[in-house]
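Okay, structure first, notes after.
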Number of protein chains: 2
Amino acid sequence: MNKVLPVFPLFLSDISAIYNPTSLMIWNVPIDVRDGKVAPVTGKRRASTNVTIIDIAREAGVSKSTVSLVLKGSTLVADETRDRVSRAMSKLGYVYNRGAANLRGAQSSIVGMVINDLSNPFFAELAIGIERVLRTSGYIPFIANTAESVVRQAEVVRSMREHGASGIILSPALDTDGREINSLLDLGMPIILAIRRVPGARASLVASDNMAGAARVTQHLISLGHRRIAFLGGMGAMAVRKDRIAGFTQALEEVGLRADPALMLESMPTKDGAFTAMSALLSRPDWPTAVVCFNDVVAIGVMQALSRKGLLPGRDMAITGFDDTTEARQVSPPLTTVSVDAGDLGERAAQMLLRQIAAGNQTTETYIGEARLVVRESCCPPPRERKVS
Amino acid sequence: MNKVLPVFPLFLSDISAIYNPTSLMIWNVPIDVRDGKVAPVTGKRRASTNVTIIDIAREAGVSKSTVSLVLKGSTLVADETRDRVSRAMSKLGYVYNRGAANLRGAQSSIVGMVINDLSNPFFAELAIGIERVLRTSGYIPFIANTAESVVRQAEVVRSMREHGASGIILSPALDTDGREINSLLDLGMPIILAIRRVPGARASLVASDNMAGAARVTQHLISLGHRRIAFLGGMGAMAVRKDRIAGFTQALEEVGLRADPALMLESMPTKDGAFTAMSALLSRPDWPTAVVCFNDVVAIGVMQALSRKGLLPGRDMAITGFDDTTEARQVSPPLTTVSVDAGDLGERAAQMLLRQIAAGNQTTETYIGEARLVVRESCCPPPRERKVS
DNA sequence: AAGATTATTTGGAACGGTCTAAATACCGCG
DNA sequence: CGCGGTATTTAGACCGTTCCAAATAATCTT
């Protein structure tokens with residue numbers, strides 16, 4: 001269990017840049033420019049008047065050790081003493097200092113959650129799910145948004161380590177390197193990857209069944225009569241995209257069709273990226289009759305591109321999404337999509353992390369959430385079929 | 001400046017419940033149930049092999065004081081020494097321990113951001129804006145979601161204090177008491193209220209110009225010919241609602257109209273709440289020709305209620321929103337609304353907080369962001385008018 | 001009533017940094 | 001070479017908690 005942990009190469013090459021306050025505070029905090037020299041501002045210390053455990057001890061007429069025991073809810077202290085101490089605490093307005101506590105070996109109660117894009121409602125739901133169980137378990141989450149930047153991600157993770165996080169739930173930025181994750185694991189830091197798996201990383205994973213979901217939605221289109229189906233969105237390197245394409249391809253092959261590489265287009269997984277890619281597709285001669293989109297956001301961009309051309313999604317072309325975000329319901333026509341319960345995945349991830357922190361071991365678990373097809377109104381049969389009916 | 005701070009009544013009455021791990025960890029963390037007694041789990045300590053400043057000092061052949069100086073980017077150390085220390089740090093995989101540092105007076109680099117509803121895209125944008133400037137300034141944000149619960153909010157704030165947050169940006173939960181805010185301020189904790197003002201609180205505020213925005217959107221409807229205009233959504237106690245109603249009323253009175261109390265309906269500021277309230281309104285005889293909605297989310301709920309009745313928003317009744325979330329654009333018809341740049345407000349709030357932390361004083365500032373009318377397609381003239389044209 | 005037990009309480013050494021005051025090294029100069 | 005001054009470095013107290021070992025108090029036993 002207590003194997004010697006290997007010495008670890010840091011994420012960021014230049015360490016000093018990170019601590020050096022002068023290089024960081026320049027942004028907006030006023031700088032003390034006395035006698036021509038730029039000096040870092042020395043703010044006030046702790047905000048509050050510091051009432052410590054010792055003050056409490058004095059007030060209650062006991063030793064600080066006893067106060068500490070009360071704090072930890074130990075059964076050792078006499079009831080009468082506990083009361084006295086509790087009263088002293090509220091009388092003096094005591095605030096527990098976790099920094100000091102962690103210093104001396106108490107299990108730190110903070111865990112990090114690193115989210116690649118908090119403005120995407122899907123990930124926001126995920127974050128809220130995580131927070132929900134973390135908080136009810138007495139942990140306090142450190143949420144950070146990396147905006148798909150691996151540099152930011154590395155900074156954020158470092159920051160969390162500095163603050164003594166006892167574990168991290170990571171929804172990784174786009175081209176996260178599996179080796180970075182592994183080196184963190186080697187250090188003994190429990191990590192749960194959420195939503196996106198990272199090739200080469202040994203960390204536990206909580207994600208949805210991308211392959212089955214994509215297969216299901218593709219089968220749905222096939223059953224409507226579609227034969228020329230495009231897959232649009234996501235970048236080539238994304239593992240999630242690979243999984244969804246695998247499901248897409250599989251569904252096609254099950255009925256003896258082949259996925260046409262000319263109909264598998266990449267795009268950034270944003271509305272604008274999808275709009276551009278779909279517009280390009282529509283400028284070519286031979287349109288598909290249906291488009292399986294990488295996710296809901298992409299699907300919405302695709303719909304906008306269709307509208308721009310005067311086409312009506314759900315009448316002139318079938319469109320599907322993935323994730324079932326709240327937007328999928330609101331868009332017009334409502335989007336047929338694959339439902340992934342982001343909040344639930346978040347809860348699972350948090351539970352898995354807590355379990356690993358408590359157990360102290362590093363078993364690699366995987367949870368794959370179900371992907372349910374949700375049929376709404378964005379899918380029509382292909383034109384030919386409709387003429388027949 | 002250094003006035004004596006008053007002794008402070010705690011937010012939560014029963015303190016011990018907060019620290020007592022046995023009462024908190026029961027949720028999901030395995031409990032050690034040996035010989036019938038429930039014992040709190042004693043997890044592993046710090047995740048990483050602890051390389052400390054002293055190890056670095058030994059490796060580099062200097063004293064720990066010198067290493068500390070290097071860490072702080074002091075100009076006192078010789079370049080050659082600094083190099084040697086830096087090399088030792090990366091060689092041993094050193095991780096700065098902020099908990100320890102804060103203990104001895106270093107300015108804590110964490111600030112809290114408490115958001116009432118992170119699943120609302122408007123607040124998500126706000127959070128991202130805040131995070132953006134905080135992070136570039138070397139601060140690390142603690143994000144927490146209160147889900148409109150004042151109890152949760154109190155817990156969260158306490159947790160942040162325990163972790164030594166040097167300031168808090170608070171987007172307050174619905175019925176936050178101004179006195180709680182004030183007692184926190186009295187303690188010397190800088191607080192910036194975001195979006196929602198809290199009556200009675202002396203804290204600084206960053207919000208949008210609700211009154212002007214509501215007046216502007218109402219004027220727009222009046223200019224289209226509407227005379228019977230309803231205001232729907234928000235609960236009576238919400239300050240934001242009061243402000244928007246004030247603007248609404250003012251715009252009506254400017255042209256000699258009076259706001260009809262029978263047309264000012266409350267609802268929870270959610271889609272469902274709005275749906276219910278609007279359905280109730282539609283079951284009454286004398287409909288308004290236009291509805292000013294409390295915000296975009298409410299407007300979407302109102303639209304759904306209309307559709308349910310077979311009415312088309314933007315043709316049979318004019319609907320407006322507030323906030324200009326991304327959904328406002330995606331909904332059909334696209335929503336005429338008041339644009340509030342949530343990201344920008346977040347940045348302002350963060351800058352204001354950093355300024356107050358640095359200055360150490362407690363001036364009460366207020367920033368009111370502009371509210372721009374954005375005309376889309378959800379507003380038509382009233383039926384009569386249309387017949388004329 | 002003296003031990004033996006069991007129930008409480010406590011002193012004091014950590015933990016990993018920061019900070020002040022003082023020590024030491026280095027330099028140019030008379 | 002000794003001196004004053006500047007540039008670097010360092011010892012050691014301290015921050016607020018935890019935790020172990022040991023002390024003290026209370027209760028039983030015989």
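Side-chain atoms are counted along with the backbone in the values below, which use heavy atoms only and exclude waters and symmetry mates. Below, chains carry the letters A, B, ... as their sequence lines are ordered, and counting in each starts from 1.
Straight-line distance from the OH atom of Tyr96(B) to the C1' atom of dG17(C): 7 Å, rounded to whole Å. Ile53(B) has its CD1 atom 12 Å from the C1' atom of dC19(C), to the nearest Å. Residue Arg58(B) contributes atom CZ, which lies 18 Å from atom C1' of dT9(D) at whole-angstrom precision. One atom, CD1 of Ile54(A), and another, C1' of dT10(C), lie 13 Å apart when rounded to the nearest Å. Asn102(A) has its CG atom 15 Å from the C1' atom of dA14(C), to the nearest Å. Rounded to an integer number of Å, the gap from Leu103(A) CG to dG16(D) P is 12 Å. Distance Glu162(A) CD to dG16(C) C1': 13 Å, rounded to the nearest Å. Atom CZ in Arg161(A) sits roughly 15 Å away from atom P in dG16(C) (whole-Å rounding).
The CG atom of Asn97(B) sits 9.5 Å away from atom OG1 of Thr52(B), with the distance rounded to the nearest 0.5 Å. Taking CD1 of Ile192(A) as the start and CD1 of Ile168(A) as the end, the distance is 11.0 Å to the nearest 0.5 Å.
When the side-chain nitrogen and oxygen atoms of Ser68(B) are compared with OP1 and OP2 of dG17(C), none of them lie within a distance under 4.0 Å. Between Thr66(A) and dT9(C), a side-chain N or O to OP1/OP2 separation shorter than 4.0 Å is absent. One finds a side-chain N or O of Asn50(B) lying less than 4.0 angstrom from the OP1 or OP2 phosphate oxygen of dG16(C).
For Pro141(A) against Glu131(A), the heavy-atom pair with the smallest separation is CG-CG, 3.5 Å. Here the closest heavy-atom approach between residue Leu193(A) and residue Ala201(A) is recorded as CD1-CB, 4.2 Å.
In terms of position on DNA chain C, the residue among Asp79(A) and Lys64(A) whose nearest nucleotide sits closer to the 5' end is Asp79(A). Projected onto DNA chain D by closest heavy-atom contact, Glu80(B) and Thr52(A) fall at different nucleotides, the more 5' of which corresponds to Glu80(B). Each of Leu76(B) and Ala100(B) was assigned the nucleotide of DNA chain D with the nearest heavy atom; the assignment lying further toward the 5' end belongs to Leu76(B).
For the pair Arg202(A) and Asp186(A), the salt-bridge criterion is met [side-chain N within less than 4.0 Å of a carboxylate O].
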message = The test is side-chain hydrogen bond (donor to acceptor under 3.5 Å, both in side chains); show your working for Ser63(B) and Thr66(B) and say whether it passes.
response = CA-CA 5 Å; Ser63(B) 75; Thr66(B) 305; 3.3 Å; yes
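Nearest nucleotide to the side chain of Ala78(A), out of dT17(D), dT8(C), dG16(D): dT8(C).
For Arg104(B) against dT18(C), a side-chain N or O and a base N or O form a donor-acceptor pair under 3.5 Å.
A side-chain donor-acceptor contact under 3.5 Å links Gln153(B) to the backbone of Ala173(B).
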5'-to-3' dot-bracket of DNA chain C (Watson-Crick, G-U; under 3.5 angstrom; crossing pairs as [ ]; | other strand) = ||||||||||||||||||||||||||||||
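For the side chain to side chain contact (heavy atoms under 4.5 Å, CB included) test with Val85(A), the passing option among Val70(A), Ile53(A), Leu71(A) is Val70(A); the others fail.
At a threshold of 4.0 angstrom between heavy atoms, the contacts of Ser65(A) include nucleobase atoms, whether or not backbone atoms are also involved. Looking at heavy-atom distances under 4.0 Å, Leu69(A) makes contact with a base. Within the nucleic acid shown, Val67(B) has no heavy atom closer than 4.0 Å to any nucleic acid atom.
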